Amino acid sequence: MKKSNLLEGILFILGGIILLYVALLTDTVLDSLLIGFAAGAISSGIVMTCKYFYWSTPKNKERYQEKIENEKIELHDELKTKLRDRSGRYAYTIGLMTVSISIAIFSILGSLEIIDNSRLIVLYLGGYLVFQIVIGIVIFNQLLKKYE
């Protein structure tokens with residue numbers, strides 16, 4: 001296993017400790033959020049570090065090489081690549097439909113005065129919808145240039 005995995009795990013642990021330290025020293029409304037981020041960073045750092053030491057032992061090196069080779073085969077399998085691309089397209093389309101429906105629902109709820117400040121929500125969702133469409137077109141054009 002690469003040394004960068006160990007370094008990344010240690011950096012996550014250090015980042016989590018720093019966040020925990022900041023959360024404990026300050027008294028703000030963000031303390032619970034900082035503690036949550038700290039716990040997530042520390043626990044994922046510990047897992048990364050443990051995985052590094054587990055897979056780096058001499059008895060597991062051969063199994064690790066097999067695992068890496070199987071992952072490479074899985075990533076470059078043409079059928080699975082096509083299925084990943086298609087599922088990404090479906091998720092993108094469903095996301096656009098969900099945001100569009102949400103805009104309509106929040107507009108209706110705002111008009112009926114069920115929700116206060118619905119205009120802000122509708123504007124945010126509208127901006128997000130435009131962003132999704134534009135970024136989808138930009139990424140498609142970049143990929144098209146790459147393969148032409």
Side-chain angles (χ1 to χ4, degrees), residues 1-107 109-110 114-143 146:
M1 195 163 208
K2 296 184 283 186
K3 288 268 188 198
S4 63
N5 293 8
L6 175 63
L7 181 62
E8 188 177 345
I10 292 170
L11 287 175
F12 266 81
I13 292 170
L14 290 175
I17 290 171
I18 290 169
L19 286 173
L20 184 62
Y21 185 71
V22 169
L24 294 175
L25 286 182
T26 60
D27 188 27
T28 65
V29 294
L30 298 177
D31 286 347
S32 60
L33 189 63
L34 289 173
I35 290 173
F37 283 145
I42 290 171
S43 59
S44 60
I46 290 171
V47 168
M48 285 183 212
T49 305
C50 290
K51 278 186 178 181
Y52 172 81
F53 287 117
Y54 176 78
W55 288 114
S56 294
T57 58
K59 69 176 186 176
N60 292 327
K61 281 195 177 200
E62 190 174 312
R63 282 186 33 223
Y64 180 69
Q65 292 301 324
E66 287 178 26
K67 177 183 169 191
I68 292 297
E69 194 145 330
N70 287 337
E71 285 178 1
K72 284 181 183 177
I73 291 170
E74 291 289 320
L75 283 175
H76 298 294
D77 182 21
E78 290 178 22
L79 173 65
K80 291 188 178 180
T81 301
K82 189 172 183 173
L83 291 175
R84 275 193 303 271
D85 292 344
R86 182 168 280 167
S87 68
R89 174 67 183 167
Y90 289 152
Y92 172 73
T93 305
I94 290 169
L96 291 178
M97 288 188 293
T98 303
V99 170
S100 300
I101 292 169
S102 297
I103 289 171
I105 289 172
F106 281 110
S107 294
L109 291 175
I114 295 175
I115 294 180
D116 294 333
N117 297 327
S118 66
R119 180 180 167 101
L120 182 64
I121 296 170
V122 170
L123 288 174
Y124 174 78
L125 288 174
Y128 179 69
L129 180 65
V130 170
F131 171 76
Q132 282 291 97
I133 292 169
V134 169
I135 200 72
I137 293 168
V138 168
I139 290 172
F140 176 78
N141 288 334
Q142 289 294 325
L143 290 173
K146 182 179 177 182

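These numbers come from the heavy atoms of this one structure, side chains and all, not from hydrogens, waters or symmetry mates. A quick note: this is a predicted structure, and the numbers were derived from the prediction, not measured.
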| said: Restricting to non-hydrogen atoms, name the atom on D31 and the atom on A23 that form the minimum distance, rounded to 0.1 Å. | reply: OD1-O, 3.4 Å

| task | Calculate, to the nearest 0.5 Å, the distance between atoms CZ and CG belonging to F131 and L125 respectively. | result | 14.0 Å

| request: Kindly check if the number of other-residue, nucleotide or ligand heavy atoms within 6.0 Å of CG (D85) is above 12? | output: yes

| message | So which atom in G136 and which in Y92 form the shortest heavy-atom distance, rounded to 0.1 Å? | response | CA-OH, 3.8 Å

| message | Are L20 and I35 packed together at the side-chain level, in the sense that at least one heavy-atom pair is separated by less than 4.5 angstrom? | response | yes

| query | Is R86 close to L83 at the side-chain level, that is, under 4.5 Å between some pair of heavy atoms? | reply | no

| task | Heavy atoms only: give me the nearest S118-F106 pair and the separation to one decimal. | result | CB-O, 3.5 Å

| field | Residues that E74 engages under salt bridge (Lys or Arg N to Asp or Glu O under 4.0 Å), provided they are two or more places apart | value | K80

| remark: Rounding to 0.5 Å, atoms CG (D77) and NZ (K82) come to a distance of 12.5 Å

| Which heavy atom in I10 sits nearest to a heavy atom in T49, and how many Å separate them? | N-OG1, 4.0 Å

| What residue among I135, I139, I133, V134 forms side chain to side chain contact (heavy atoms under 4.5 Å, CB included) with I137? | I133

| said: Distance check, rounded to the nearest 0.5 Å: Q65 atom CD versus W55 atom CH2? | reply: 10.5 Å

| Any donor-acceptor N/O pair, Y64 side chain to T57 backbone, under 3.5 Å | no

| task | Check whether any side-chain heavy atom of K2 sits under 4.5 Å from a side-chain heavy atom of Y52, and report yes or no. | result | no

| Do other residues, nucleotides or ligands put more than 12 heavy atoms under 6.0 Å from the CD atom of E71? | yes

| request: Please examine the side chains of R63 and K67, heavy atoms only from C-beta on, and report whether any two atoms are closer than 4.5 Å. | output: no

| From CD (E66) to CG (N60), nearest 0.5 Å | 11.0 Å

| Side-chain donor-acceptor pair present, T81, R84, cut-off under 3.5 Å | yes

| task | State the CG-CG distance between L109 and D116, to the nearest 0.5 angstrom. | result | 11.5 Å

| task | Pick out which of I17, V47, L19 makes a side chain to side chain contact (heavy atoms under 4.5 Å, CB included) with I42. | result | I17

| request: Answer yes or no: is there a donor N or O on one side and an acceptor on the other, between the side chain of N141 and the main chain of V138, under 3.5 Å? | output: no

| From L11 atom CG to I18 atom CD1, the distance as rounded to the nearest 0.5 Å | 9.5 Å

| message | Testing the basics here: between G16 and A38, what is the closest heavy-atom pair and its distance to 0.1 Å? | response | O-CB, 3.2 Å

